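Note that the structure is predicted; figures quoted are calculated from it, not measured.
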Amino acid sequence: MRCHAAALCSGMIRKLIALPAVLAISACATVPTTPQTAEPVTVRIIGINDFHGNIEPPSRAFTVRGQGDDTVRAPAGGGAYLASAIAAVKAKNEHSMVISAGDMIGGSPIASSLFLDEPTIGVMNRIGIDFNAVGNHEFDRGKEELQRIQRGGCEQHTLRAPCQVEQYGGADFQFLAANVREANGQTIFPSYGIKQFGRGASAVAVGVIGLTLEDTPTLVTPSGIQGLSFADEANTINALIPQLEAEGADAIVVSIHQGLYTEVEYNDGSCGGVSGPLLDILAKLDPKVDLVISGHTHRAYICDYSKIDPTREILVTSAASAGSLLTDIEMVIDPTRSDVIALKADNLIVQNDGITNRVRTIEPLAELTTFAPDSAIAAYVARYSEASRKYAERSIGRISGIALDPPSIGESALGNLIADAQLEATKEAGAQIAFMNNSGIRTDLLPAEDGTVTFGAIYASQPFSNTLVTKTFTGAQILTLLDQQFDEEGFMQTFSVSKGFAYTYDLSQPAGSRVTAVSLNGHPIDPLANYRVTMNSFLSSGGDSFTVFEQGTDSVVGPLDLDAMEAWISAVEMRQLPETGRLTNLTPAG
């Protein structure tokens, strides 16, 4: 935030007017010619984003550098390890604060999600979070449940019962939602918060504006956000800055659930190959913004935006996801000038003790600090891990191998397995085709050595508890739907598709012409014919910007996606993983 001399002068005049007349004249006569100065104040800001309820250490490692056979990975994350890492960073300075850029909850592993993410809030309370900007996944269970998560209590808004392990007391920190408004115009949570540091002439204040991406309605089930509106991000931020200035903020921080993509490693500050929807927002921001803590893309970066636009000296950060990293930000404020005079950041890997699973064993890297778990938080997490164990460890059947999470664009045996399960579960509704969004598959499906799969394993892969919906579409609508995978709305991703359905695509072609051939059971899709298509309830409502799904007719609601998966795997002694080849990429190399 930049200091304005006129504002300082008017503040001094207001203070003088408040005094008796004689005293005011005397004060005017004795005002020193040089203002009183104070030493700069350093505030340590710790940024996290996209925690997604990973209170236990994630099964995936963080890629430190390299690609292919040269990839170097580190075991990272887990609530108890994140707590220790944050404590270590806080210890560097007298003044500190912790800010989350959304998706703290939602899309969570079973130890948190089974209990409506109450344990995640318990962990964050113990860590000492100051503010969390809402992300799209905060709305996964609807507005009322999100508000309960903030305030506490055991009122039930979902199929799952709250307060299964303990009386839920709510979040000790504040959710922020500057651009999310009710029908009456009021925001569902405060737009901003201000934290004060120091006293007297050395007092400083940091203002934090928190908000989600404007496109949140395309990423959540509509019923969960009924009556809410999501405003433009930049306009919302800029409109709040005068109010923060009036309340004495010396620095302006934006915590936003929107992000960037870069082509450089996690701690390279060059903004190399930067892209993504946050760029358009940054280009419109008031230059008084000092720091943007971002999220949503699950990427790790430190970007000095002034290298892109010299008129905006804004530092932009993101700390990947799942608590695998945190961003250590040092902000130096001149209290006399009410100005940020120095700002730097580093991403710190929250390295834990190691990962061992069916896919790999990853030991801690000697080059990185290995954090000891916070014992109190580890014990707290263990309560929920144990409570979820009877659900998580229940065997549901066997599969023929490890099923890896599909990429955003592409195909995998796991995606095909899920689509096949959903097709089989909805055949009574006439289903001929099933589509599964790759973004809804969260992790690898890892069986035991003998192929045994647990409920916890399939839950980790599909944690959203969607129902299956079957609708009628014309062939023309299906072709348009497939084109939407590669259009400019939202992020680009392919569907996992059921057996018998196939298509080819070429990303070198213009949008709208990238799907080049589509068939069902070897026959081209007929634009004039009708087909019965199954998708999850999220897609059925137009989720992930797939608006064609809303156009289907003769809707039949089927079972939960997890029930379909369990039934498919358990129906035979050993469920063979389906082969790939349903999608063909014709994009020229390079």
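- In terms of modelled atom types and a separation under 3.5 Å, the side chain of N49 and the main chain of A320 share a donor-acceptor contact.
- Residues satisfying the ring-ring contact (aromatic ring centres under 6.0 Å, His included) criterion with F371, sequence neighbours excluded, are absent altogether.
- At a cut-off of 3.5 Å, with distance as the only test, a side-chain donor of N416 or E411 sits close to an acceptor on the other residue.
- Looking at E145, its side chain never comes within 3.5 Å of a backbone N or O of F139 through a donor-acceptor pair.
- Under the 3.5 Å distance criterion, the side-chain polar atoms of N179 are matched with a main-chain donor or acceptor of A231.
- At a threshold of 4.5 Å between non-hydrogen side-chain atoms, the residues I209 and Y192 count as touching.
- You'll find the side chain of M124 reaches within 4.5 Å of the side chain of F51, heavy atoms only.
- Atom NZ of K344 has 12 or fewer neighbouring heavy atoms from other residues, nucleotides or ligands inside a 6.0 Å radius.
- The shortest non-hydrogen separation linking N352 to G77 is ND2-O, 3.0 Å.
- Here the side chains of F173 and M104 are in contact, with some heavy-atom distance below 4.5 Å.
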- [ ] Evaluate the side-chain hydrogen bond (donor to acceptor under 3.5 Å, both in side chains) criterion for residues E166 and Y384: first the C-alpha distance (whole Å), next the side-chain angles of each, then the deciding distance (0.1 Å), finally the verdict.
- [x] CA-CA 10 Å; E166 60 181 329; Y384 281 91; 2.7 Å; yes
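- In this structure, the side chains of F486 and T494 come closer than 4.5 Å at one or more pairs of heavy atoms.
- Closest approach of S496 to I441, counting heavy atoms only: OG-CD1, 4.2 Å.
- In this structure, V340 and A251 approach most closely via the heavy-atom pair CG2-CB, 3.5 Å.
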Task: Derivation and outcome, side-chain hydrogen bond (donor to acceptor under 3.5 Å, both in side chains), residues T71 and T63 - done: CA-CA 7 Å; T71 300; T63 298; 5.9 Å; no
Open item on the list: Does T42 form a side-chain hydrogen bond (donor to acceptor under 3.5 Å, both in side chains) with N93? I'd like the steps, not just the answer.
Closed with: CA-CA 7 Å; T42 298; N93 288 101; 4.5 Å; no
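- In this structure, a donor-acceptor pair under 3.5 Å is present between the side chains of T370 and Q351.
- Here the shortest heavy-atom pairing between I349 and A76 reads CG2-CB, 3.9 Å.
- Judged purely by atom type and a 3.5 angstrom limit, S537 uses its side chain to pair as donor or acceptor with the backbone of T467.
- For F464 and H137, the gap between ring centers is short of 6.0 Å.
- No donor-acceptor pair under 3.5 Å is formed between the side chain of N136 and the backbone N or O of T216.
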- [ ] Take L213 and E233 through the test side chain to side chain contact (heavy atoms under 4.5 Å, CB included) and record every step on the way to the result.
- [x] CA-CA 7 Å; L213 68 163; E233 303 96 335; 4.0 Å; yes
Task: Pair C303-T262, side chain to side chain contact (heavy atoms under 4.5 Å, CB included): steps then yes or no - done: CA-CA 9 Å; C303 178; T262 67; 5.7 Å; no
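- With hydrogens and angles ignored, the 3.5 Å screen pairs a side-chain donor or acceptor of S108 with a backbone N or O of H52.
- A donor-acceptor pair under 3.5 Å is formed between the side chain of K307 and the backbone N or O of G269.
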TODO: Show your reasoning for whether side-chain hydrogen bond (donor to acceptor under 3.5 Å, both in side chains) applies to S112 and D117.
DONE: CA-CA 5 Å; S112 182; D117 282 319; 2.5 Å; yes
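- Exactly one residue among V316, I252, L282 makes a side chain to side chain contact (heavy atoms under 4.5 Å, CB included) with V289. That residue is I252.
- Note: F495 and F546 meet the aromatic proximity criterion, with ring centroids under 6.0 Å apart.
- Judged by distance alone, the side chains of Q462 and N536 never bring a donor and an acceptor atom under 3.5 Å apart.
- A donor-acceptor pair shorter than 3.5 Å cannot be found between the side chains of E566 and Y459.
- Checking side-chain atoms of S412 against main-chain N and O of D405 turns up no donor-acceptor pair under 3.5 Å.
- Counting only residues at least two apart or on different chains, the salt bridge (Lys or Arg N to Asp or Glu O under 4.0 Å) pairs with a member in residues 363-379 are R65-E367.
- Legend: residues meeting ring-ring contact (aromatic ring centres under 6.0 Å, His included) with Y305, ordered by chain and number and at least two apart, are absent.
- Closest non-hydrogen pair, G295 versus S318, comes out as CA-OG, 4.2 Å.
- Ring to ring, F62 and Y266 are close: their centroids are under 6.0 angstrom apart.
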Open item on the list: Set out, in order, the CA-CA distance, both residues' side-chain angles and the distance that settles side chain to side chain contact (heavy atoms under 4.5 Å, CB included) for L219 and D544, then state yes or no.
Closed with: CA-CA 5 Å; L219 301 172; D544 280 348; 3.4 Å; yes
Task: Intermediate values then yes/no, side chain to side chain contact (heavy atoms under 4.5 Å, CB included), F189 and E138 - done: CA-CA 12 Å; F189 297 120; E138 265 80 6; over 6 Å; no
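- Not a single donor-acceptor pair under 3.5 Å links the side chain of S113 to the backbone N or O of I110.
- For I293 against A101, the heavy-atom pair with the smallest separation is O-CB, 3.5 Å.
- Judged by distance alone, the side chain of T454 and the main-chain N or O of A392 form a donor-acceptor pair under 3.5 Å.
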